[in-house]
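Start at 1 and go down the list; that is how both ligands and their atoms are numbered.
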Amino acid sequence: MAKRKTKFVCQECGYESAKWMGKCPGCNNWNTFVEEVEITGGRQSHAFQTGKRSVGRPEKITAIKAQKEPRITTKMKEFNRVLGGGIVPGSLVLIGGDPGIGKSTLLLQISSQLADKQLSVLYISGEESTRQTKLRADRLGVTADSLYVLAETNLLDITNQIEAVKPSFVVIDSIQTIFREEISSAPGSVSQVRECTAELMRIAKTNGIPIFIVGHVTKEGAIAGPRLLEHMVDAVLYFEGERHHTYRILRGVKNRFGSTNEMGIFEMKEEGLREVLNPSEIFLEERSQGTSGSTVVASMEGTRPVLVEVQALISPSAFGNPRRMATGVDHNRVSLLMAVLEKRIGLMLQNQDAYIKVAGGVKLDEPAIDLAIAVSIASSFRDQPTKPEDIFIGEVGLTGEIRRVSRIEQRIQEAAKLGFKRVICPQNNLGGWTIPGQIEVIGVDSVQEALQIGVSR
Ligand SMILES: Nc1ncnc2c1ncn2[C@@H]1O[C@H](COP(=O)(O)OP(=O)(O)O)[C@@H](O)[C@H]1O
Ligand SMILES: [Mg+2]
């Protein structure tokens with residue numbers, strides 16, 4: 001017999017407690033505990049009760065036979081790449097993102113492409129009726145016959161359908177709408193989300209069916225229901241971008257079958273998402289040349305170099321407390337670079353407002369973009385433009401020194417490919433590789449040197 005027990009669970013971080021608490025010791029949020037029912041005994045622990053557990057024995061690693069996972073590939077190269085080369089059978093993948101960013105669109109397109117390959121696909125929508133899904137499918141031009149749609153939120157019915165249809169690919173849109181009857185708390189609560197995900201994981205693994213689940217992101221930026229979900233699934237992908245821009249970025253956050261640094265870029269169109277195979281060209285398309293405060297950097301996004309514009313606007317502050325804003329780069333990194341510019345170059349920035357932005361809505365988080373940020377700030381402050389055919393790469397240290405970055409050759413090749421004429425990069429990176437013919441490479445040791453070369457008077 002299943003025994004019912006209640007417990008209190010923090011809805012922010014999943015912290016569990018036997019009694020109610022005002023403040024969560026896990027995440028320090030107030031008033032986040034909700035009483036939830038836990039099922040103990042019953043089906044889950046059946047194997048333990050009957051003692052019918054299969055006993056694993058240690059094996060020699062050399063004796064274990066492993067074949068390479070066959071992968072199901074979609075027509076979207078960007079999507080395959082983020083997953084590490086395609087969809088792994090039996091994997092459970094979570095796609096998170098803000099409402100309206102295009103998660104349903106992306107997964108319906110993927111479903112349709114797989115159905116076009118004669119694979120049977122089950123798209124389960126807990127948020128929209130089958131008619132709404134059909135309207136979207138018509139707009140996206142979905143015609144495949146083996147794509148089945150089900151509007152259902154009860155997990156038991158869903159699992160029955162999955163086991164009856166035995167599809168090759170399943171989409172659950174979204175995990176926050178799915179519930180198990182035995183759990184009394186509302187759909188979307190920590191217990192529901194966790195138990196439903198665990199059950200889906202079991203189905204994926206036992207039947208070898210890849211299941212993609214959609215998860216909404218809370219306003220704090222975490223997938224609701226939340227970090228514990230990330231531990232349970234095989235891969236977590238975030239679909240992000242600014243709602244008012246047409247570009248969307250699919251980024252791996254966790255991946256048991258591939259690298260997490262990969263990102264795929266898509267453009268949202270009337271007829272659905274279109275993949276962008278040459279992101280650098282797109283990111284540089286709208287660049288205004290010859291204005292101060294703009295530089296281009298070659299940043300590595302996973303295995304691929306991407307050229308992006310870093311913009312800075314420095315203007316005298318009207319109030320005592322200057323504003324510092326950064327979009328697409330770390331705020332603290334910008335403060336640090338401004339401090340370096342003040343102390344080492346003598347730029348008087350303390351009474352200036354500073355706005356830093358990475359064009360195109362991308363987020364950059366590697367140190368190699370430091371130099372481009374610093375040069376943009378100096379260029380805007382002095383109101384002297386950089387040369388439009390220059391590119392800046394390098395990490396900046398606290399003494400203003402320029403430090404070596406990884407994969408310099410790939411970055412410079414990408415710059416040369418897009419017609420840039422000069423690269424200002426760390427002196428320490430020179431040597432040991434061949435410089436592409438059409439580009440001049442200048443090594444620098446300090447920010448000072450980079451500014452002398454890059455920001456013309
Ligand atoms: N008729 C349309 N033409 C172009 N884009 C549309 C149209 N309808 C919806 N969209 C785009 O699709 C987005 C909604 O996508 P959807 O997949 O439903 O998001 P999510 O599932 O992440 O909430 C909208 O924000 C909009 O950008
Ligand atoms: Mg949706």
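Arg136 places a side-chain heavy atom less than 4.5 Å from the side chain of Thr105.
Summarising the local packing, NZ of Lys77 is surrounded by 12 or fewer heavy atoms from other residues, nucleotides or ligands at distances under 6.0 Å.
For ligand 1, one of its N or O atoms has an N or O atom of Lys103 under 3.5 Å away. In terms of N/O distances under 3.5 Å, ligand 1 is approached by Gly100.
Here the straight-line distance linking atom CZ of Arg180 with atom CD of Glu199 works out to 5.0 Å at 0.5 Å rounding.
Within the listing of ligand 1, atoms 23 (O) sit less than 4.0 angstrom from a heavy atom of Pro99. Annotation for ligand 1: atoms under 4.0 Å from non-hydrogen atoms of Thr105 are 15 (O), 16 (P), 17 (O).
In terms of heavy atoms, Met263 sits closest to Glu78 at O-OE1, 4.1 Å.
Taking 4.0 Å as the cut-off, Gly97 does not count as a neighbour of ligand 1 on heavy-atom distance. At least one heavy atom of Arg136 sits less than 4.0 Å from an atom of ligand 1.
Which of Glu270, Gln109, Arg139, Glu271 comes nearest to atom 10 (N) of ligand 1 through a heavy atom is settled by distance: it is Arg139.
Contacts between Ser104 and ligand 1 below 4.0 angstrom, taking non-hydrogen atoms only, involve backbone and side chain alike.
Under a 4.0 Å N-O distance rule, the pair Glu301/Arg304 does not qualify as a salt bridge. Checked for salt-bridge contact, Glu262 and Arg81 meet the test: a charged N lies under 4.0 Å from a carboxylate O.
Note: Tyr123 and Phe169 fail the aromatic proximity criterion, with ring centroids not under 6.0 Å apart.
The Mg ion (ligand 2) has an N, O or S atom of Ser104 under 2.8 Å away, backbone or side chain.
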